[in-house]
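Have a look at the structure below before the remarks.
Each chain gets a letter, A, B and so on, in the order the sequences are listed, and its residues count up from 1.
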2 protein chains.
Amino acid sequence: MKHLLPLHYIDTVARSGSIRGAANTLAITSTALNRRILAMEEELGVPIFERLPRGVRLSTAGELLIQHIRTQMADMERVKSQIADLSGVRRGHVSIVCGQALLPHFMAEQVASYRRLHPAVTFSVKVCDRNTAIDQLTSFDADLAVVFEPMRTSEFQPMGKVEQSLKAVMSRSHPLAEKSLLGWSDLLSTPVALPTASNGMRYLLEEAMLRKGNDLEKIIESDSYDFIRNYLRHEHCISFQLGIGLPQENNTSEIVYRDIDERAVPSGDLYVGQLKGRVLPVAAALFANAIVKALEFQYVTNNEKIA
Amino acid sequence: MKHLLPLHYIDTVARSGSIRGAANTLAITSTALNRRILAMEEELGVPIFERLPRGVRLSTAGELLIQHIRTQMADMERVKSQIADLSGVRRGHVSIVCGQALLPHFMAEQVASYRRLHPAVTFSVKVCDRNTAIDQLTSFDADLAVVFEPMRTSEFQPMGKVEQSLKAVMSRSHPLAEKSLLGWSDLLSTPVALPTASNGMRYLLEEAMLRKGNDLEKIIESDSYDFIRNYLRHEHCISFQLGIGLPQENNTSEIVYRDIDERAVPSGDLYVGQLKGRVLPVAAALFANAIVKALEFQYVTNNEKIA
DNA sequence: CTGATTGATGCAATAAACGCATCACTGCAG
DNA sequence: CTGCAGTGATGCGTTTATTGCATCAATCAG
């Protein structure tokens, strides 16, 4: 959309923190970009950016403006999506942020099955912790967020939730692999590898430790589940995973998953949500419905397994 | 704002119903305007307007787009207002629609006293019935609406309300002028001049007639209070007015106002409100607060008079 | 049919945007 | 302190996009 090109320019400068840098990514010269910004500030009557010796930074007025700009750009996408929708083709782009736990199996399946129905819809799926997830929503970089135990904030509007209990992950040769249900004392008896503090699971575990009054033996901390899972094969320790992140069958694998007693570590809530007050593009709204449905189904089958 | 000039063009064409007509009001040639629209439709992939033999009309896609455009333009005004606000000067423009009853005294006082505080704020005050008031809000032609007994709709978001009882208006020489409180039988005993059906007072009266089972003797119907008030001097009949529409003192006037028994015609609610979900410009929001306060005060003094 | 009105289009004139080279300024490393 | 690398601002010639005029095809009222 041509008319909001100037807005896109400003957005890029705000993100890049420098006019020249933004001009580079926008594939225009810095002079052109600089002049457009000067013209915009002229129109507005106040500077949008503060000029620093090493670039620019949004002024207070710029903060107000950039929020408007991002809202408008996102809303234009929604309108285009709705227009495309009423001409029959369901097209558009859905941008999702979610925790690592969901990515490998659940999200991949969901995206794939949605794209089977609507091949014209494209996706971008980004991994991030629950703090930045909210930021991504407010800056309109993401349409949907799927996060475990999200921070309480007025910006986040839940569209669905499902309870998720933690599972213990360990090598098949680990002594605790003998048991099918692990208690708190079991968890204390072995070293553990944990995700980083911004992770929702970590939050649940910290809370459990606080409540029980004794700490787990943390030997590894990493933001990569892959790394942790591989490490489990080298040393006898355990780690954790959400039920939804488990592969379907694990009979042959070297890595096994075991349930944890609810009384040891309480289960937490997995939320699907969007930015509060925003009207989502058609494709994003429909996909959100789909994963909420899928989560509810997963919840039911989970409970059946328990029962 | 230059970047939303194309949007303003489309809006004007939509309102005017013809490209040439819109080009005329925009002070450009129809060629230029036509081409901008063609370019926009090209970008969008679908036509915005249906081409009729005698002009153009919004297509379905155009309806979606025009709503976005009006939202965007109004929101830009809000941002500009907020930016102006943080640089100290409180400037901006407030557009109000309200029923006839409020205009002559109440609204004039309110606008005047607000402008005494903030001379940089300009006003436009339009009179319309309660149906079109909502339309004016949804099309962003008005920021605020002050209406009596508004239509129930999800678009209207009340910000304050005050109960208003009807007063009877008549010539000083009218027989009923002797009494200080009029009952239903009094109203039946004389011809009446009524506002048109879209008026809120009329709605209350129709409801009262329906409930009582007998009709008032309607001899005049007009959408001009001025006309009705003048007519009262030529024929012995009565009309109605809201308490808030009364002049402060009426001792010397040829026209007098009398209370009506609540049991005859129940009082209705006067609402101040805005478009649901909209964030108002600073000036409009502050002015809304001011008149809500003023209405509450008026309500209190009214009740004191009654007590 | 005739005249008036509508939106679309080819072509030349105009206005806006762009890119290059350069300046003035700041902070950092030597 | 000095030179260097990085930043945003500015003058000028060129390129691109936009505008306006004249005109066409289609439609409708009388």
Q | Presence of donor-acceptor pair under 3.5 Å, side chain of B:R35 and base of C:dG10 | A | yes

(Q) Given D:dG8, D:dC28, D:dG11, identify the nucleotide with an atom nearest to the side chain of A:T31. (A) D:dG11

(Q) Measure CE/B:M40 against P/D:dT18 and give the value in whole Å, please. (A) 11 Å

Q. How far does CG of B:L64 sit from CD1 of B:I69, to the nearest 0.5 angstrom?
A. 11.0 Å

Q: Would you mind classifying the nucleic acid contact of B:S18 as base, sugar-phosphate or nothing, using non-hydrogen atoms under 4.0 angstrom?
A: sugar-phosphate

Q: Let me know the distance between CG of A:N34 and P of C:dG19, rounded to the nearest Å.
A: 13 Å

Q) Considering all heavy atoms of both residues, which atom of A:E41 and which atom of A:F49 are nearest to each other, and what is their separation? A) OE2-N, 3.1 Å

Q | Whole-Å distance separating the CZ atom of B:R57 from the P atom of C:dT6 | A | 17 Å

Q | Geometric cation-pi criterion, B:R130 with B:Y203: 6.0 Å, 45° | A | yes

Q | Rounded distance (Å) that lies between atom C1' of C:dA16 and atom CG of A:L5 | A | 15 Å

Q.
Judged by each residue's nearest nucleotide on DNA chain C, which is more toward the 5′ side, A:A32 or B:R51?
A. B:R51

Q | Pairwise 5' ranking along DNA chain D for A:V56 and B:I28, keeping only the more 5' one | A | A:V56

Q | Any N/O donor-acceptor pair, A:R20 side-chain to D:dG6 base, under 3.5 Å | A | no

(Q) Rounded to whole Å, please give me the gap between CG in B:L33 and P in C:dT6. (A) 13 Å

Q: Measure the CZ-CG distance between A:R70 and A:D141 for me, rounded to the nearest 0.5 Å.
A: 6.5 Å

Q: Hey, which sits more toward the 5' end of DNA chain D by its nearest nucleotide, A:L52 or A:K2?
A: A:L52

(Q) So, OP1 or OP2 of D:dT19: does either fall under 4.0 Å of a side-chain N or O from B:R36? (A) yes

**Q.** Whole-Å distance separating the CD atom of B:E43 from the C1' atom of D:dA17
**A.** 13 Å

Q | Between P of C:dT26 and CD of A:E50, the distance in whole Å | A | 16 Å

Q) How would you label the contact of B:R54 with the nucleic acid (heavy atoms, under 4.0 Å): base, sugar-phosphate, or nothing? A) base

